[in-house]
Amino acid sequence: MSRYNFREIESEWQGIWNDRGSFVASEDFKQSKYYVLEMFPYPSGRIHMGHLRCYTLGDVVARYKRAQGYNVLHPMGWDAFGLPAENAAMEKKVHPAEWTYDNISTMRVQLQAMGLSIDWKREIATCDPEYYQHEQAMFLDFMDHDLVYRKKGWVNWDPVDQTVLANEQVIDGKGWRSGAVIERRQLSQWFCRITNFSHELLLSLEDLQRWPNKVRIMQENWIGLSEGAYIDFKFSNDKLKSPLRVFTTRPDTIFGASFCALAPDHPISEQLSNTNSDLKAFIEECRKLGTSEEAIQTAEKKGIDTGLRVYHPFSDEELPVYIANFVLMGYGTGAIFGCPAHDQRDLEFARAYGLPVRPVVVPQNTNPKEFCIQEEAFVEDGILANSEFLNGLNVPEAKKTIIQKLIGSENGESTINYRLRDWLISRQRYWGCPIPIIHCNNCGIVQVPRDDLPVTLPTDIDFTAPGNPLERHLEWKSVPCPSCEQPAERDTDTFDTFMDSSWYFARFCSPSSSNPVDAKQAEYWLPVDQYIGGIEHAILHLLYSRFFMRAMLKSGHINIKEPFQGLFTQGMVNHATYKDVNGDWVEPQNILVDEGGKVVRADTGSSVEVGRVEKMSKSKKNTVDPTDVIESYGADTARWFILSDSPPDRDMEWTNSGVQGAFRFINRVARLVSDCQSSLPKPNLPPNEKFSEEENKLRQITHKTIAGVTEDYERFHFNRSVARLYELTNAISAYEIEESDVKHSWVKREALETLILLLNPMTPHLAEEMWKQLGHKVLLVDTRWPTADRSLAIDDVITIAIQVNGKLRGKLDIKAGTKEIKVQEAARDVTNVSSTISDRPIKKVVFVKDKLVNFVV
RNA sequence: GCGGGCGUGGCGGAAUUGGUAGACGCGCGGGAUUCAAAAUCCCGUUCUGGUAACAGAGUGAGAGUUCGAUUCUCUCCGCCCGCACCA
């Protein structure tokens, strides 16, 4: 018997599916659609295990839904702009475009070798002007609808690389590439007005029932709603006319106020610093501290008295105004009132600067005169005291009352504040989508006329100097102003690459439309029914995409709010780590277990210490290349292994023995089919009229497996499907018949065909090949999902558990549905049961139909 | 500090609404086949005692509810993730 030749078989079927266009989505809008999407990859050069896992999961869903008769859209593209291309350009002297497109070609081949059911006709790359021209047009549309704007903002500036860095690129206050200490700089930048939708983005999370709870909670916290009030404090000094507005969630504690504090970046702080060098020095100090998270954590509460005084809104008391390092300009109004008794930070600050600590909320049944604040502020609910008209109220009541008072006296109002900030989208980078704006000395900010789009990147660029090459490219940069025709300059920034990935799923619906999206197509396909990707995008990408849909709706591009109906976040792929005697990491391929069971290096034979199982990473050298696995064992083996054992949302451990186990299974199924091929009846024959008991047993397992696997597929429990399919395979192997017994073989064929149909989404090449070997002319890819015969999926003989005092003492095989009295009688006769009960009186009998009997003695 | 999650054999993990804990796989042990090996097949495999039938213990620890708890409630311990001077 020849061995299952996965190399030939897999590439053969990939060719056939491709030639027949098996996975091209139909444009027949009358069919029910199903849009499956995995987060598109960054073309780094090679696919990794994370890709293998993600795209396998998505492919199982896509093939399963296709078999169920849905019109499935399952596209693929490339998140092709980004920094690594520029780094490659600097290090290897390759043009970013060339590097990117080379990587795309390599990775496309690698993905295709996995046998994914992708509609490659819809492939897009975000670095293609064909794609990003629409992004530029939408940016201008957003601008017209006041959804983007330009403002001065504080950014992380790397003085060596001369560029802005994202927060996550700043590690311990230093640039991730240059290692230079990051400065905070104010630059004019473009922002998306995502905060326009704060409330809407928060509320709609309710509707995303098919998202993981965890992700919804993370977004909820990120948007960070807090209810409170603005309170206005009038200055007692005459210099400043308009009052100081602060935000607070505890307006009820206003009578405990002992100071006000401004953020170092607050306009008043800046104004004062112009004439006061002490203040100026303090503000500078705060700014340096600003970038390192560690520094923020350990920093003491520090402040400086501005000399300004404000009146308490309900008494004539004067409060000092400080500039304090712990007040943030980006939250609320950038100014607070300090109530040391009921806020830990304010307390620390008050202790440092000798400010009064006045409790105004005391625990229930406590005498206010005896209540004293020591090292910890009292932040719980309690009863108001020392607060005039608020005395005796609890905290929620006091909040309501004081807000009414504030409104009445025009000293404030109730408000809702969000943590979410507007999205800074300018990047001082070359390899990104150019911002279609021209800066003119006469006309200011001018849009590039739509007819002149796309603004494409220049190809002749110089990467020898640090900074943004677009900035230095005078020829590209200089253009006449579209409005006054005087010499002007292009915006030399490019978009954050999160812009590119915020709408690609919509472009897939009509990848060659002359508009960003074809409304009809988009409304048929969207929202994405099942989106799959890593948890690391829980906030940014998913929130930006949700914003983008709303912005596209507002600017008339689309009629969809939520892009992703269902979301699944897959776990990481981990691997054991190995360290040799020198303390160097060793690659898994270089590991051997010798005869004595000792783990050694394959090359030197020296002993190796097996370390923790950790996320695959280059630095720890514990990576395994999926392409190597596919070449040695085949795509089906790789897919089957990745789906076995671990639930898809949890981290999984990649092991060689696991891969070999999967390989064994693939070969076992192939053998099972080829061994009995000749003895099976022809396909599509009607069933026997009567089945023997043995036949019925196998049929029962077959139909139970259909029901179980279908349910598991719906719930992403692929590891359970794998277990069930092993069980079915074991049952088929154990079902022994005479070679010539064609009648009995009908049941065997039914079982085998079921196995293959159910395996199809997971190991499509094997399944397709076996289907053909069983004599089918119609391809498996065009064959419908089986339905379970419910009457067969139910057992007629059931094993009932017999307990005495809740402890299992025996089992009883009995017909399903047997009445309690009969079961009891039979149960009493079971040897261990009768001896355990002996002559003790039975107090009570618990009976659960078809499950158990419990005698309480 | 705040928010969320997870603790089950040697390992990954199963276990509908509370109802036979350990499915399935890996590993390990034994056997068959083979001149031998690989591959394959069969049997066993939670722990303790016992040749066995069987008995006792057992789902991080402790308590509670219940005829019955991996599942529900409370307290504690450990690990993981997210956010973090957010007023």
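Residue numbers start from 1 in every chain, and the chains themselves are labelled A, B, ... in the order their sequence lines are given, proteins ahead of strands.
- Within the structure, a side-chain polar atom (N or O) of A/Lys807 is placed less than 4.0 Å from OP1 or OP2 of B/A57.
- Atom CG in A/Leu808 sits roughly 13 Å away from atom P in B/A57 (whole-Å rounding).
- Only the P atoms considered, B/U71 is 13 Å distant from B/U8, to the nearest whole Å.
- B/U16 sits 31 Å from B/G27 when the C1' atoms are compared, rounded to a whole Å.
- Across all strands shown, B/A14 forms no Watson-Crick or G-U wobble pair with both key distances under 3.5 Å.
- Of the listed nucleotides (B/G13, B/G19, B/A87), B/A87 has the atom at the smallest distance from the side chain of A/Leu328.
- Spacing of C1' atoms, B/A69 relative to B/A32, comes out at 45 Å, to the nearest Å.
- Rounded to a whole angstrom, the distance from the C1' atom of B/C81 to that of B/C43 is 44 Å.
- The residue among A/Ala723 and A/Thr655 whose nearest nucleotide of RNA chain B lies closer to the 5′ end is A/Ala723.
- Straight-line distance from the CG atom of A/Asn656 to the P atom of B/G27: 10 Å, rounded to whole Å.
- A/Phe247 places its CZ atom 16 Å from the P atom of B/C85, with the value rounded to the nearest Å.
- Contact annotation: A/Arg668 does not reach the phosphate of B/A39 (side-chain N/O to OP1 or OP2, under 4.0 Å).
- The minimum heavy-atom distance linking A/Ile194 with A/Arg421 is given by the pair CG2-O, 3.3 Å.
- Across every strand in view, B/U66 sits unpaired, with no contact that passes the Watson-Crick or G-U test at under 3.5 angstrom.
- With RNA chain B read from its 5' end, the first of the two nearest nucleotides for A/Ser657 and A/Tyr331 is the one closest to A/Ser657.
- The partner of B/G1 is B/C83, judged by Watson-Crick or G-U wobble contacts that both fall below 3.5 Å.
- Aromatic ring centres of A/Phe349 and A/Tyr322: separated by under 6.0 Å.
- Taking atom NZ of residue A/Lys851 and atom C1' of nucleotide B/G19, one finds them 7 Å apart after rounding to whole Å.
- Nucleic acid contact class of A/Ile336 (heavy atoms, under 4.0 Å, all strands): base.
- The nucleotide B/C41 finds its pairing partner in B/G31, both defining distances of the Watson-Crick or G-U wobble pair being shorter than 3.5 Å.
- Phosphate contact (OP1/OP2 of B/A55, side-chain N/O of A/Arg809, threshold under 4.0 Å): present.
- At B/A14, one or more side-chain N or O atoms of A/Asn719 fall inside 4.0 Å of OP1 or OP2 (strictly under the cut-off).
- Within a 6.0 Å sphere centred on CD of A/Gln209, heavy atoms belonging to other residues, nucleotides or ligands number more than 12.
- Using a distance-only test at 3.5 Å, with no hydrogens or angles considered, a donor-acceptor pair links the side chain of A/Gln344 to the main chain of A/Glu375.
- Comparing B/G13, B/G25, B/U20 against the side chain of A/Ser646 picks out B/G13 as the nearest.
- The environment of CD1 in A/Ile416 is crowded: more than 12 heavy-atom neighbours from other residues, nucleotides or ligands sit within 6.0 Å.
- B/U46: Watson-Crick or G-U partner is B/A57, with both key distances under 3.5 Å.
- Side-chain N/O atoms of A/Arg612 include none lying less than 4.0 angstrom from OP1 or OP2 on B/C79.
- Ion pairing between a basic and an acidic side chain is recognised when a charged N comes within 4.0 Å of a carboxylate O; A/Lys302 and A/Glu285 show such pairing.
- Rounded to the nearest Å, the gap between the P atom of B/C24 and that of B/G58 is 25 Å.
- Atom pair A/Lys704:NZ and B/C24:C1' shows a separation of 15 Å (rounding to whole Å applied).
- The side chain of A/Lys214 places no N or O atom within less than 4.0 Å of a non-bridging phosphate oxygen (OP1 or OP2) of B/G5.
- Counting non-hydrogen atoms under 4.0 angstrom, A/Val848 reaches a base of the nucleic acid.
- The gap from the C1' atom of B/A36 to that of B/A52 amounts to 38 Å, rounded to the nearest Å.
- Remark: B/C6 base-pairs with B/G78. Criterion, Watson-Crick or G-U wobble with two distances under 3.5 Å.
- To the nearest whole angstrom, the two P atoms, one in B/G7 and one in B/A61, are 13 Å apart.
- Shown here is A/Glu820, whose CD atom has more than 12 heavy atoms of other residues, nucleotides or ligands within 6.0 Å.
- Comparing atom distances between the A/Arg664 side chain and each of B/G27, B/C24, B/G13 picks out B/G27 as nearest.
- Counting to the nearest Å, the C1' atom of B/G25 and the CD1 atom of A/Ile666 are 14 Å from each other.
- Checked against B/C83, B/C86, B/C85, the side chain of A/Trp222 finds its nearest nucleotide in B/C83.
- Counting atom types as modelled, A/Lys301 pairs a side-chain N or O with a base atom of B/C85 as donor and acceptor under 3.5 Å.
- In this model, the phosphate group of B/A84 is approached by a side-chain N or O of A/Arg419 to a distance below 4.0 Å at OP1 or OP2.
- With hydrogens and angles disregarded, no donor-acceptor distance shorter than 3.5 Å links the side chain of A/Thr577 to the backbone of A/Asn622.
- Summarising the geometry, the separation between CD on A/Glu227 and P on B/C86 is reported as 18 Å, rounded to the nearest angstrom.
- The aromatic rings of A/Phe663 and A/Phe6 stand perpendicular to each other, their planes meeting at an angle above 60°, with 30° marking the opposite boundary.
- Using a 4.0 Å heavy-atom cutoff across all strands shown, A/Asn730 reaches sugar-phosphate atoms only and no base atom.
- B/G18 takes the anti form, because its glycosidic angle lies more than 90° either side of 0.
- Following rounding to the nearest Å, A/Met329 (CE) and B/A87 (P) show an atom-to-atom distance of 16 Å.
- Listed nucleotides B/C24, B/G3, B/G13 differ in distance to A/Tyr726; the shortest reach to its side chain belongs to B/C24.
- Rounded to the nearest Å, the gap between the C1' atom of B/G4 and that of B/G56 is 40 Å.
- B/U20: no Watson-Crick or G-U partner with both key distances under 3.5 Å is found in any strand.
- Comparing B/C83, B/G19, B/U40 against the side chain of A/Val846 picks out B/G19 as the nearest.
- The side chain of A/Phe326 approaches B/C85 more closely than any other nucleotide in the set B/C67, B/C85, B/U40.
- At a threshold of 4.0 angstrom between heavy atoms, the contacts of A/Glu653 with the nucleic acid are absent.
- Within the structure, every side-chain polar atom (N or O) of A/Asn854 is placed at least 4.0 Å from both OP1 and OP2 of B/U66.
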